[in-house]
Amino acid sequence: MLRYSLKRLASAVPTLFLLITVAFFLIRIAPGGPFDSERALPAEIEANLAAKYHLDEPLVMQYGRYIWQIVRLDFGPSFHYLDWTVNDLIIQGAPVSFTLGILALIMALVVGIPIGVWAAWRQNRPSDYTVMGVAMIGISIPNFVLAPLLILLFAITLGWLPAGGWEYSFSRMVLPVITLALPMIAYVARITRGSMIEVLHSSFIRTARAKGLPEKEVLINHALKPALLPVISYLGPAAAAILTGSVVVERIFTIPGIGSYFVQGALNRDYTLVMGVVILYGILIIVFNFLVDLLYAWLDPRIRYDDLESES
Amino acid sequence: MSEATRDAFEQAMDRRVIRGRSLYVDAWHRLLKNKAAVAALVVLAIMIIMVIVGPMLSDWDHEIPDWDHYSTPPSLETGHLFGTDALGRDLFVRTMIGGQISLLVGLVATLVSLVIGISYGAVAGYFGGRVDNIMMRFVDGIYAMPFMFFVIVLMVIFGRNIFLIFVAIGAVNWLDMARIVRGQTLSLKNKDFVEAARACGATEMQIIRRHIVPNLLGVVIVYVTLTIPQVILVESFLSFLGLGVQEPLTSWGALVNEGAQELETAPWSLLFPASFLALTLFAFNFLGDGLRDALDPKDRF
């Protein structure tokens, strides 16, 4: 397993390198620069700024400089938030975004799995159809529609919760977390139901039932574990969904996380900030996929690390 | 071969064509039995007709404000069935125009990803071996990257041109399609009929075009139905962030964005576009599910 882990982590390096390279040149192609403003700056000031941030060098030189910085884990100064380094901005924003994301993920699993198991157990009965219909609504309502609706209901009409702002308190976190979690709950429930139905049709479940085990034990002790495998593999895409979701949620609820830096950074041509966030996201997705694979192998002993290796 | 035998032979061939019940006819019948899928189909048909015909029937224009009514709630008296927005524009017409754009983006961008994905996946799967390995490593590499980042950067680079939205979304969205098509192709290419075609002297490209791609159709149809709502969602997301279509044109996402800002004073400006968007996504998802069940009989219990 250690050998496999090391190999996987080593294979992440070229991926990350590709990501950095593509992102670096893509954002530089974009017309406009970080110091463009309504009023043209005097030429000398512009030259000085360019010199300070090394924008006057050839692109390849800048690229090399950037890679060298990244290797030393230095994301450089922000071009827009003067006096801030990208490291500072990320250290400030990341814990907020991560808290939201992790809470939403936990909520999705804790709520989604039991719903899926229940629906599978009641397959093709009215309660199954109802639950799955509701889940489909959950998938179909985009989070930027859901969030204003939740605000309209709970903050404006009922006045129970604040409409936005951020602190580490239940009342401020509940709406953003629900917004992030609801579509995921729906996905998890659907996936769990599907795989659970498949497992419930397999012969070892028939054996368990033939032995006279109580239905609850059959469902939880025998069927659930193999049925969770597809849910585990959904966690990879789920992590990506949280990341994009955070862009919307942080904007609507005015939360100072890294998702909000992302779009603003791209619009401001804040090269270093955008790069920093992209690299962070890339690392997160890679790490998440790696953890998912490990978990997968742990849950299903038939999968050997050799298989994973030859696949990846 | 005498004239008579040839006639008999042709007749027999004709009859076989008529009698044959293809997989797709079967699937179509199964689909019609699925009430949710049929309902989704009807909703989508109505939605498309409404979005096209609606603006023609209305007295108002999506650009020109009604100077007498700013932010008025829906009412029959003023003639603004969905109310007006803060600039006095009729929301019914704007919702319909927005729907045209959203659906158009959904269809065209899906088509773009379809063409790229099928060709890429079919070639990788068919040639296999090292070609496949390199091509799929490339897909894996892109896969590990934050998808939204690319769309956003492409939008920033190309400016907010609607045609570039199609291309940007489609160009990023083909990865799943390529993977699915590759997997199918891998299993198809070892089938006997491909061997037969090769024995007849068909070229590689002919085999891919005439034998592999048509057989991928089932999977592709399902996937397309599920991709369209995703793409509509991405476009709405971009418009919501202010990166999508630009005024005076609009899309459901842009309308939801405007509506969300006037949430307290004019909730109808959020509710109408939001429910049209959600209903459409809902219908596409249900249709996709129904199609999957219909085309993949082994999943039915």
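In what follows, every chain begins at residue 1, and chains take the letters A, B, ... in the order their sequences are listed. In what follows, every heavy atom counts, from backbone to side chain, and hydrogens, waters and symmetry copies are set aside.
Of the residues considered (B:S236, B:G253, B:P229, B:A278), B:S236 shows the highest number of contacts with chain A, using heavy-atom pairs under 4.5 Å.
For B:L271, the part sitting under 4.5 Å from any heavy atom of chain A is the side chain, from C-beta outward, and nothing else. For A:L284, no part lies near chain B; criterion is any non-hydrogen pair under 4.5 Å. With a threshold of 4.5 angstrom between heavy atoms, A:A147 does not approach chain B through any atom at all. Contacts of B:S275 with chain A are absent, with no heavy-atom separation under 4.5 Å from either backbone or side chain.
Atom CZ of A:F144 is separated from atom CG of B:L233 by 5.5 Å, given to the nearest 0.5 angstrom.
In terms of the ring pair (Phe, Tyr, Trp, His ring centres under 6.0 Å) criterion, A:F288 has no residue partners (sequence neighbours excluded).
By the neighbour-count criterion of 12 heavy atoms within 6.0 Å, atom CZ of A:R209 is densely surrounded, having more than that number from other residues, nucleotides or ligands. More than 12 heavy atoms of other residues, nucleotides or ligands sit less than 6.0 Å from atom CZ of A:F290.
At least one side-chain heavy atom of A:I137 sits under 4.5 Å from a side-chain heavy atom of B:F282. Counting only heavy atoms from C-beta outward, the side chains of A:P142 and B:F237 never approach each other to under 4.5 Å. You'll find the side chain of A:I141 stays beyond 4.5 Å of the side chain of B:L277, heavy atoms only.
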